[in-house]
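Residues: numbered from 1 along the sequence shown. Whatever order the structure lists them in is the order used to number ligands and atoms, beginning at 1.
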Amino acid sequence: ILAVALCLGLFVGCSSKDANAPKEEVLEIKVGHGTAETTALHQGWLKFKELVEQKSDGKMTVKIFPNQQLGGDRELIEAVQLGNVTMTSPSTAPLAAFDPAFFVLDIPFLFSDRDMVYEVLDSQVGESLLDTLKEYNIKGLGYWENGFRNFTNSKLPVRSPQELSGIKVRTMENEIHMKAWSLLGANPTPMAFGELYTALQQKTVDAQENPFELIYATKFHEVQKYITKTQHIYSAYIPLMNNEFFNNLSSEYQQIIMDSIKEATAEQRQIAGKNDVEFEEKMRSTNEVIDLSGDEKQAFRNEMAPVLDLVKTKAGEDMVSAFTEAT
Ligand code: PAF
């Protein structure tokens, strides 16, 4: 009886195994990011997904988790480093906690316009910054657009640094940003992005700063009446991949990833630029948007200027001169 049972078991086992045998292995790329589905960042990932799946004939699939479903920027960078999440796209500011070279992009008023941004970031200078990530088992694949950051608050129409006195402003968890806001006379409070809407609504903080697109997409304009168009820092997103995952791909698949990122970058930047203009326009009808004159902007620039020395000590003189000479 035992022999028959064993044979039967073996037979059933074998036949069911055959029936379930995978036809061809499909490689899943798990992407986590922190912003809403209405942002250009999410649209960039959707484009990347479409391209990768199409170019690989469905042999690679991309699954996207937006809205911090898998964690905020810091957690996601760590998850990519460990390989628990394949890809993410933080702003450069939290990346500085991994490699201080990234503080170079926190120099206030480093870039004057988008064309200059793309020229520098897409050059060897931008490439050398991405290369610093390899040491952390992370591959930096390029630069996507978050945009020029603007200051919003619920208290008063700010036109000068003097008016920031005592204003509690949420900053990213980044030393240079905190220093810059204290030089302006505000009271900087580092906080994760996920907690920000509630903090603004409950007035735990009075102010925050982000590009127009994020202000609108995250509905901050509902709880922040005043928007000062400071454009004080350009924020880039960096699409990242676990380096080991990338290195283990065939050269054909690696090429698909690189080509898809390149194409998605063009589309992501184009949507970000369009949203920036459209969302600013929309908020002009619901909020008070304060345009600064050249002199007023210069006053912010002057107050923030001393952070440059701190950036030099963190990011290194060479990295700082590479960027300042290129801009
Ligand atoms: O303010 C922030 O935390 C950042 O701009 C962003 C993009 C929302 C997260 O990287």
Side-chain angles (χ1 to χ4, degrees), residues 31-45 64-80 85 87-99 102-103 105-106 108 110-111 117 121 133 138 140 142-153 168-178 180-181 186 188-201 204-221 223-224 227-228 230-240 268-269 271-273 275-276 279-280:
V31 177
H33 73 79
T35 66
E37 276 117 317
T38 45
T39 57
L41 179 64
H42 189 68
Q43 302 306 313
W45 281 119
I64 309 168
F65 298 85
N67 271 320
Q68 310 184 47
Q69 284 171 46
L70 304 181
D73 276 349
R74 198 154 34 87
E75 292 88 6
L76 281 168
I77 300 168
E78 275 161 16
V80 167
V85 173
M87 298 181 81
T88 187
S89 47
S91 287
T92 53
L95 272 174
F98 289 76
D99 195 307
F102 280 89
F103 281 123
L105 290 176
D106 297 319
L110 178 64
F111 298 107
V117 168
L121 294 184
L133 291 169
I138 294 174
Y143 294 90
W144 285 4
E145 179 147 303
N146 186 0
F148 283 97
R149 302 179 83 86
N150 298 302
F151 173 79
T152 73
N153 85 100
K168 219 168 165 190
V169 55
R170 173 270 176 178
T171 68
M172 288 191 274
E173 290 154 307
N174 172 297
E175 257 180 275
I176 303 295
H177 284 241
M178 289 171 66
W181 287 99
T189 311
M191 184 184 285
F193 186 68
E195 294 161 30
L196 184 52
Y197 185 90
T198 313
L200 293 170
Q201 190 179 40
T204 326
V205 291
D206 310 307
Q208 67 89 42
E209 42 83 60
N210 254 303
F212 285 125
E213 192 209 43
L214 270 180
I215 298 171
Y216 188 79
T218 324
K219 303 191 193 316
F220 292 156
H221 65 295
V223 286
Q224 296 274 273
I227 307 174
T228 306
T230 45
Q231 314 253 285
H232 51 281
I233 284 178
Y234 175 87
S235 260
Y237 292 122
I238 313 249
L240 308 172
Q268 195 277 338
R269 284 176 177 174
I271 300 172
N275 286 354
D276 195 56
F279 294 175
E280 172 182 354

side-chain contact (heavy atoms from CB on, under 4.5 Å), that's the test. Do Q224 and I215 meet it? Break it down for me.
CA-CA 9 Å; Q224 296 274 273; I215 298 171; over 6 Å; no

Parallel, tilted or perpendicular: which describes the rings of Y216 and H221, with under 30° parallel and over 60° perpendicular?
parallel

Over all atoms of both residues, closest heavy-atom pair of Q268 and A40:
CG-O, 3.3 Å

Rounded to the nearest 0.5 Å, what separation is found between the OG1 atom of T152 and the CG atom of L214?
11.5 Å

Select all protein residues for which some heavy-atom-to-ligand 1 distance is less than 4.0 Å, and list them by chain and number.
D73, S91, N146, R149, R170, M172, F193, N210, L214, Y237

Find out whether I64 and H33 are in side-chain contact, i.e. whether some heavy atom of one side chain is under 4.5 Å from a heavy atom of the other.
yes

Looking only at the aromatic ring of each residue, does the gap between the centers of F279 and F220 stay below 6.0 angstrom?
no

